[in-house]
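To keep things clear, I will list the structure first and then write my remarks on it.
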Number of protein chains: 2
Amino acid sequence: MARRNATDIASEMRRSIEAGTYRRFERLPPSRKLAESFGVARNTLRDALNQLENEGLLETRPGSGTYVTVQDQNQIPDAVGDSTPLELIDARFALEPHICRLCVLHGRREDFDTMEELCARMEAATNDPVAFSEADTAFHRALASATRNSLLIWLIGQINTVRSLDEWMRMRHLTLDPDIISEYNRQHRQILEALRSREPERAAVMMKEHLETARLSLTRAAET
Amino acid sequence: MARRNATDIASEMRRSIEAGTYRRFERLPPSRKLAESFGVARNTLRDALNQLENEGLLETRPGSGTYVTVQDQNQIPDAVGDSTPLELIDARFALEPHICRLCVLHGRREDFDTMEELCARMEAATNDPVAFSEADTAFHRALASATRNSLLIWLIGQINTVRSLDEWMRMRHLTLDPDIISEYNRQHRQILEALRSREPERAAVMMKEHLETARLSLTRAAET
DNA sequence: CCATATTGGATCAACTTTGGATCAATCAAG
DNA sequence: CTTGATTGATCCAAAGTTGATCCAATATGG
């Protein structure tokens with residue numbers, strides 16, 4: 001076994017933290033003890049700790065100790081799968097208004113035609129929550145596609161996989177009555193109009209309104 | 001078994017690295033030990049290492065060791081790996097301003113203290129682009145963590161893996177001169193102040209300004 | 001409130017490990 | 001044979017580790 005250097009120790013500890021051996025806000029053993037248990041000099045261990053601190057995994061407070069500042073990744077093995085509908089809405093609230101703005105910049109005629117088509121399909125599905133929901137997902141995906149930004153397209157794709165989850169399915173049937181669907185359809189049309197007339201801010205505002213409606217109907221359903 | 005030559009060894013090691021046996025930033029065993037374990041002379045092994053270094057998979061630091069520089073490609077989704085720096089900025093433009101707003105809502109004292117710490121570290125790294133970049137990534141991750149939204153935390157985590165990609169690393173050195181770093185530091189402070197005083201919109205605006213600066217310095221570097 | 005123990009921070013010179021380089025001897029393939 | 005690569009040995013310079021010591025900040029307990 002070769003003599004281990006600071007980088008090796010750092011790698012080892014990084015894995016420990018990511019594996020959850022040490023959890024967020026927990027204090028590590030004192031550097032002297034740690035050095036001993038790794039069989040390495042305290043200076044070397046301190047170098048390792050500094051590396052991890054620079055990566056933002058640890059925080060050391062002189063006189064007090066060294067603390068873990070990140071959550072271990074296994075705690076969120078599938079963040080997408082475990083996220084709640086409200087978390088999802090917040091994430092969409094972050095992404096989609098700006099996607100609308102980019103859509104105005106990069107969207108082409110055929111993109112808007114696709115969305116038009118999907119709007120029509122949603123309007124024909126006022127009484128069919130499942131069909132509506134499918135078209136709705138496709139609409140928001142089309143919106144992302146029109147940005148021509150592969151990263152955003154992928155992120156929206158990831159987010160949309162949540163919608164096929166059980167809890168989400170149940171929520172959908174609780175929230176999607178014909179009145180709500182009509183309201184959504186009206187908003188989709190407004191968004192599309194704003195995009196077509198190349199008004200980025202208006203499109204973004206409409207999208208926020210749309211998501212706000214979704215959030216409201218969600219919290220209302222949760223209270224029932 | 002025929003006697004293995006340098007190219008054979010290189011192939012074998014290349015496969016090990018791509019399979020993830022050795023992870024990014026991890027140190028390989030010393031060349032003497034490696035040579036022994038491959039049953040080959042150290043000179044031959046060094047030739048193999050040189051081949052891999054020329055391919056950009058490894059980096060050897062005399063007196064220290066040989067380190068893996070590439071990330072296991074299987075770990076990175078294609079969409080994330082293939083995205084350009086400008087796409088990345090657009091994605092951050094979508095996510096981070098709203099993350100700031102949520103941060104005002106859900107952030108706790110200790111979250112802001114962590115960010116404060118990271119600001120201090122970035123300010124100490126005005127002349128060290130690599131150290132600055134690490135702390136910067138950690139700052140934006142801390143911001144996401146403070147939202148307590150596991151989906152957003154995960155999204156930012158995905159986005160941050162992009163930054164460790166090769167093309168990005170090169171860009172970083174082109175863009176991060178001391179003046180730019182100082183400007184970034186000023187903006188980080190402003191964001192943190194706005195968060196502390198619980199002003200969601202001001203924080204979001206500061207973040208937009210920050211990202212706009214980043215976009216500018218990127219396009220400027222691309223023109224050079 | 002203070003005294004004391006414990007914690008991390010910093011420094012230093014001696015030592016060890018690391019990769020870099022070279023070269024004559026040896027081996028394998030054409 | 002001749003050519004090309006591998007071998008094994010040796011020396012080198014760079015970098016890192018060590019172990020010791022002193023310091024400053026914090027925590028603890030009376």
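From a predicted model like this one, the values you see are computed outputs, not experimental measurements. So you know, we letter chains A, B, ... as the sequences are listed, proteins then strands, and number each from 1.
- Rounded to a whole Å, the CG atom of Asp47(A) is 18 Å from the P atom of dT17(C).
- Applying the 4.0 Å criterion to OP1 and OP2 of dG19(C), one finds that Ser64(B) has every side-chain N and O outside that range.
- Once rounded to the nearest 0.5 Å, the distance linking CG of Leu155(A) with CG of Leu151(B) reads 9.5 Å.
- Listed nucleotides dT6(D), dG19(C), dG8(C) differ in distance to Asn5(B); the shortest reach to its side chain belongs to dT6(D).
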Pull out every protein N or O sitting under 3.5 Å from an N or O of nucleotides 1-6 of chain C, one pair per line with the distance.
none

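- A distance of 11.5 Å separates CD1 in Ile181(B) from CD in Glu123(B), rounded to the nearest 0.5 Å.
- The existence of a salt bridge linking Arg15(A) and Glu18(A) is excluded, since no basic side-chain nitrogen approaches an acidic carboxylate oxygen closer than 4.0 Å.
- Spacing between atom OH of Tyr67(A) and atom P of dT26(D) amounts to 11 Å, rounded to whole angstrom units.
- Dashed line: the shortest gap from a side-chain N or O of Ser31(B) to OP1 or OP2 of dG19(C) is under 4.0 Å.
- For residues 202-213 of chain B, the pairs satisfying side-chain hydrogen bond (donor to acceptor under 3.5 Å, both in side chains) are Gln187(B)-His210(B), Gln187(B)-Thr213(B), His188(B)-His210(B), Glu199(B)-Arg202(B), Glu212(B)-Arg215(B), with sequence neighbours left out.
- Residues in residues 141-151 of chain A take part in these salt bridge (charged side-chain N to carboxylate O under 4.0 Å, His left out) pairs, two or more places apart or across chains: Asp111(A)-Arg148(A).
- With sequence neighbours excluded, no residue forms a salt bridge (charged side-chain N to carboxylate O under 4.0 Å, His left out) with Glu59(A).
- As a whole-Å value, the separation of Asp8(B) CG from dA28(C) P is 15 Å.
- Using modelled atom types, one side-chain atom of Thr69(B) and one backbone atom of Leu57(B) make a donor-acceptor pair closer than 3.5 Å.
- Remark: Glu12(A) CD to Leu52(A) CG distance equals 11.5 Å, nearest 0.5 Å.
- One distance of note links OG of Ser145(A) with CZ of Arg108(A); it measures 11.5 Å at 0.5 Å rounding.
- Among residues at least two apart or in separate chains, there is no salt bridge (charged side-chain N to carboxylate O under 4.0 Å, His left out) pair with a member in residues 26-37 of chain A.
- Listed by residue number, there are no residues of residues 113-128 of chain B with a heavy-atom contact under 4.0 Å to DNA chain D.
- A distance-only check finds a donor-acceptor pair linking the side chain of Thr147(B) to the backbone of Ala144(B) [under 3.5 Å].
- Atom pair Glu59(B):CD and dT18(C):C1' shows a separation of 15 Å (rounding to whole Å applied).
- Among residues two or more places apart in sequence or in another chain, the side-chain contact (heavy atoms from CB on, under 4.5 Å) test is passed with Arg196(B) by Arg109(B), Phe112(B), Asp113(B), Glu116(B), Leu192(B).
- Residue whose closest nucleotide on DNA chain D sits further toward the 5' end, between Arg27(A) and Thr44(B): Thr44(B).
- Residues Phe25(B) and Ser11(A) fail the side-chain proximity criterion, which asks for heavy atoms closer than 4.5 Å.
- Atom CG in Leu28(B) sits about 12 Å away from atom P in dT18(C), given to the nearest Å.
- Qualifying side-chain contact (heavy atoms from CB on, under 4.5 Å) partners for Asp177(B), counting only residues two or more places apart in sequence or in other chains: Asp179(B), Ile180(B).
- Judged purely by distance below 3.5 Å, without hydrogens or angles, the side chains of Ser217(B) and Tyr184(B) pair a donor atom with an acceptor atom.
- Side-chain atoms of Arg61(A) stay outside donor-acceptor range of the base of dG8(C), with no qualifying N/O pair under 3.5 Å.
- For DNA chain C, none of the residues of residues 33-41 of chain A falls under the heavy-atom distance limit of 4.0 Å.
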Protein-nucleotides 22-25 of chain C N/O pairs under 3.5 Å:
unit_1	atom_1	unit_2	atom_2	d
dT22(C)	O4	Asn43(B)	OD1	3.1
dT22(C)	O4	Asn43(B)	ND2	3.1
dC23(C)	N4	Asn43(B)	ND2	3.4

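- Looking at Ser31(A), its side chain never comes within 3.5 Å of a backbone N or O of Arg42(A) through a donor-acceptor pair.
- Here side-chain hydrogen bond (donor to acceptor under 3.5 Å, both in side chains) pairs that include residues 44-54 of chain A, with residues two or more places apart or in two chains, number zero.
- Rounded to an integer number of Å, the gap from CD of Glu53(A) to C1' of dG8(C) is 10 Å.
- Note: CZ (Arg32(B)) to P (dG8(D)) measures 15 Å, nearest angstrom.
- Protein atom CG of Asn54(A) is 12 Å distant from nucleotide atom P of dG9(C), rounded to whole Å.
- Where the helix from dC1(C)-dG30(D) to dG30(C)-dC1(D) starts and where it ends, the local axes point in directions that differ by 50°; five pairs per end, rounded to 10°.
- Residues Arg42(B) and Leu45(A) each lie close to DNA chain D; by heavy-atom proximity, the contact nearer the 5' end of the strand is made by Arg42(B).
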